[in-house]
Amino acid sequence: MFSKLPQTGEFETVALPHLPELYRTAVRLLGDSAKAEDVVQEAYLQAWQSFAHFEAGTNCRAWLFKILVNTIHHHRRNWFNLRRVRESEEILEQTPVCAAPVPERLAQQEILRALDRLPADYRAAVLLADVEEFSYKEIAAMLAVPIGTVMSRLSRGRKLLREQ
């Protein structure tokens, strides 16, 4: 089933140090720690299975974030389709309300709330640029959009954050 699986030690050395960053970003993008855990676990599984295609010496962190973003998009499509098919008043009434994630520092609580209120596309661009410090080119590759779109989303996202 798998072409060439990587040496476990090599993968652990190169990819696992980025796990906390990917999880933190997934939680911020999804707003749900359980979904974030699932998505990050799936992203790491995909990365492990595809590690033979990873070019040594390139940016493993950016490669992992691209896999994460693609996995989140895949899950969002599935979640959206499930909601559309099953949505009814009974299901909505039975759905528990998720508690907002507790910020690491209380001083950042307002910023985190404002970030959570941003549209998903703007939030992803702002997180990847301002929190994870990826370049516009790297973000464009991760989100599969032109660099101009990244710049536009960043500008609008930052403006919305300032307004909030």
Side-chain angles (χ1 to χ4, degrees), residues 6 10-83 98 100-105 107-164:
E10 181 184 0
F11 180 77
E12 288 176 356
T13 302
V14 176
L16 285 185
H18 304 292
L19 181 64
E21 297 172 80
L22 266 73
Y23 175 72
R24 181 183 64 231
T25 300
V27 169
R28 298 293 347 141
L29 289 172
L30 297 171
D32 182 333
S33 60
K35 284 183 181 178
E37 286 176 13
D38 292 343
V39 167
V40 170
Q41 183 177 13
E42 185 174 330
Y44 264 87
L45 176 61
Q46 289 177 17
W48 184 73
Q49 291 171 345
S50 302
F51 197 66
H53 301 290
F54 174 71
E55 296 177 31
T58 61
N59 189 343
C60 183
R61 183 173 173 258
W63 181 70
L64 289 168
F65 268 87
K66 177 151 180 86
I67 294 171
L68 176 70
V69 168
N70 288 336
T71 304
I72 288 172
H73 285 307
H74 172 75
H75 278 272
R76 280 190 175 148
R77 281 191 300 272
N78 288 342
W79 295 325
F80 177 73
N81 289 337
L82 285 174
R83 277 186 264 140
C98 295
V102 179
E104 290 181 32
R105 295 186 198 119
Q108 296 178 356
Q109 192 170 12
E110 288 182 41
I111 295 170
L112 294 174
R113 275 194 297 240
L115 193 58
D116 288 340
R117 288 191 294 265
L118 288 179
D121 290 339
Y122 297 164
R123 184 171 55 239
V126 170
L127 280 171
L128 292 172
D130 296 339
V131 177
E132 298 302 335
E133 298 179 344
F134 284 108
S135 70
Y136 290 170
K137 183 178 179 180
E138 291 171 323
I139 297 168
M142 285 179 219
L143 300 178
V145 297
I147 290 178
T149 302
V150 170
M151 293 167 56
S152 173
R153 288 179 183 176
L154 273 172
S155 175
R156 290 179 182 152
R158 289 170 178 160
K159 180 181 177 196
L160 287 171
L161 282 176
R162 282 190 300 271
E163 289 172 357
Q164 291 182 33

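No hydrogens, no waters, no symmetry mates; every other heavy atom, side chains included, goes into these values.
Closest non-hydrogen pair, D32 versus A34, comes out as OD1-N, 2.9 Å. Here the closest non-hydrogen pair linking L68 and A26 is CD1-CB, 4.2 Å. Of all the heavy atoms in C60 and A15, the pair that sits closest is SG-CA, 4.0 Å.
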Which pairs of donor and acceptor atoms, one on a side chain in residues 143-155, lie under 3.5 Å apart (sequence neighbours left out)?
from : atom 1 : to   : atom 2 : distance (Å)
S152 : OG     : R156 : NH1    : 3.3

Using residues 117-131 as the side-chain source, report each donor-acceptor pair under 3.5 Å to any protein atom, sequence neighbours left out, with the distance given to one decimal.
from : atom 1 : to   : atom 2 : distance (Å)
R117 : NE     : Q164 : OE1    : 2.9
R117 : NH2    : Q164 : OE1    : 3.1
R123 : NE     : R28  : O      : 3.4
R123 : NH1    : D116 : O      : 3.0
R123 : NH1    : L118 : O      : 2.9
R123 : NH2    : L29  : O      : 3.1
D130 : OD1    : R158 : NH2    : 2.6
D130 : OD2    : R158 : NE     : 3.0

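Looking at H18 and F65, their side chains never come closer than 4.5 Å, going by heavy atoms from C-beta outward. Side-chain atoms of F51 and E10, non-hydrogen and from C-beta on, do get closer than 4.5 Å to each other. With contacts defined as side-chain heavy-atom distances shorter than 4.5 Å, the pair Y44/L64 qualifies.
W63 and F54 have tilted rings, their planes meeting at an angle from 30° to 60° on a 0 to 90° scale.
In this structure, CD1 in I67 is found 12.5 Å from CD1 in I72, a value given to the nearest 0.5 Å.
Atom CD of E55 is surrounded by 12 or fewer heavy atoms from other residues, nucleotides or ligands within 6.0 Å.
Residues meeting the side chain to side chain donor-acceptor pair (under 3.5 Å) test with Q41, sequence neighbours left out: none.
Formation of a donor-acceptor pair under 3.5 Å by the S135 side chain with backbone atoms of E138 is found in this model.
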